[in-house]
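As the structure is a computational prediction, the values presented were derived from the model and not from experiment. Values below: all heavy atoms of this structure, side chains included; hydrogens, waters and symmetry mates excluded.
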Amino acid sequence: MTNADKIRSMSDVELAEFINRCTSGEDAPHFCRGLPECDAALEADTLIPLERCGMCLLHWLQSPEEET
């Protein structure tokens, strides 16, 4: 089961709690892979493209489910 499979199987209550954790930063899933190009952007004080964050999120969703 992947992280995405686990999310799809959540009840409405579980999904609401998951989204709340994601938006509050508390126990949010850590999908950022800390890519070197992201570190370079941060060092240069430039924004990291949302597309790159989206690729890391997609990678996390397709990864085996995390233990909570």
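- Interatomic distance, C53 SG to F31 CZ, rounded to the nearest 0.5 Å: 6.0 Å.
- Here the side chains of C56 and L35 are in contact, with some heavy-atom distance below 4.5 Å.
- Atom CG of N3 is separated from atom CG of L57 by 9.5 Å, given to the nearest 0.5 angstrom.
- Residue M55 places its CE atom among 12 or fewer non-hydrogen atoms of other residues, nucleotides or ligands, all under 6.0 Å distant.
- For the side chain to side chain donor-acceptor pair (under 3.5 Å) condition, no pair includes a residue of residues 37-58, sequence neighbours left out.
- The salt bridge (Lys or Arg N to Asp or Glu O under 4.0 Å) analysis of residues 7-20, with sequence neighbours excluded, yields the pairs D5-R8.
- Interatomic distance, E65 CD to K6 NZ, rounded to the nearest 0.5 Å: 4.5 Å.
- In this structure, CH2 on W60 lies 13.5 Å from CZ on R33, to the nearest 0.5 angstrom.
- In this structure the side chain of L15 reaches within 4.5 angstrom of the side chain of I7, judged on heavy atoms.
- Considering CD1 of I48 and CG of L42, their distance stands at 4.0 Å, rounded to 0.5 Å.
- For the side chain to side chain contact (heavy atoms under 4.5 Å, CB included) test, residues two or more places apart in sequence or in another chain that qualify with C22 are F18, P29.
- Partners of T23 by side chain to side chain contact (heavy atoms under 4.5 Å, CB included), not counting sequence neighbours, listed by chain and number: I19, N20.
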